[in-house]
J.: 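One structure coming up, written as structure tokens, with questions to follow.
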Amino acid sequence: MMRPLKESLGQVSPIEAEAIDLLRAAAGHEPPPGQKQRVRARLLQQRIIRRGVFFRPAVVLPGILCAAAASAAVGRHWIAET
């Protein structure tokens, strides 16, 4: 099980010590000024197009009709044989 480096007990290997030093020396990620505002503004400008509301029935309805036709054709053939 992995433990946080802060909780490691005992001796630290040279590789671990070097990794700890590298992590402590690395600066945190800071986005450019105004990036969040630009992203939020762009998202709000886009019109919300709900393609699924119109597209989904156009795909599902022919599928149901094909399944019903196939079922009727198979059923008619099966009834004729019995």
Side-chain angles (χ1 to χ4, degrees):
M1 176 184 284
M2 294 184 68
R3 294 184 317 253
L5 292 175
K6 292 179 182 178
E7 295 178 6
S8 64
L9 303 173
Q11 295 291 331
V12 178
S13 72
I15 294 174
E16 289 176 341
E18 187 175 345
I20 292 170
D21 292 337
L22 284 173
L23 288 173
R24 286 186 180 148
H29 172 70
E30 290 295 326
Q35 180 179 11
K36 286 184 181 180
Q37 290 81 5
R38 286 192 302 271
V39 170
R40 187 171 287 139
R42 184 176 274 176
L43 287 174
L44 291 175
Q45 283 178 349
Q46 293 176 350
R47 288 182 40 202
I48 298 174
I49 300 173
R50 304 200 89 193
R51 292 182 190 150
V53 173
F54 300 109
F55 183 68
R56 202 172 299 145
V59 171
V60 172
L61 188 61
I64 291 173
L65 291 175
C66 287
S71 176
V74 169
R76 188 179 324 151
H77 179 69
W78 180 73
I79 290 173
E81 287 183 2
T82 53

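Here the structure is a predicted model, which means the values were calculated and not measured. Throughout, numbering of the chain's residues begins at 1 and tracks the sequence.
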J.: Please find the pair of heavy atoms, one from P57 and one from P62, that lie closest to each other, and give the distance.
T.: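 Heavy atoms of P57 and P62 come nearest at O-CD, 4.0 Å.
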J.: Of all heavy-atom pairs between P32 and R38, which one has the smallest distance, and what is that distance?
T.: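 That would be CB-NH2, 4.4 Å.
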J.: Once you round to the nearest 0.5 Å, how far does CD of E18 lie from CG of L23?
T.: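 Rounded to the nearest 0.5 Å, the CD-CG separation comes out at 11.0 Å.
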J.: Could you list the cluster mates of L61? Members are the ILVMFWY residues connected by side-chain heavy atoms closer than 4.5 Å, either directly or through other members.
T.: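 L65, which link up through side-chain heavy atoms under 4.5 Å apart, make up the rest of the cluster.
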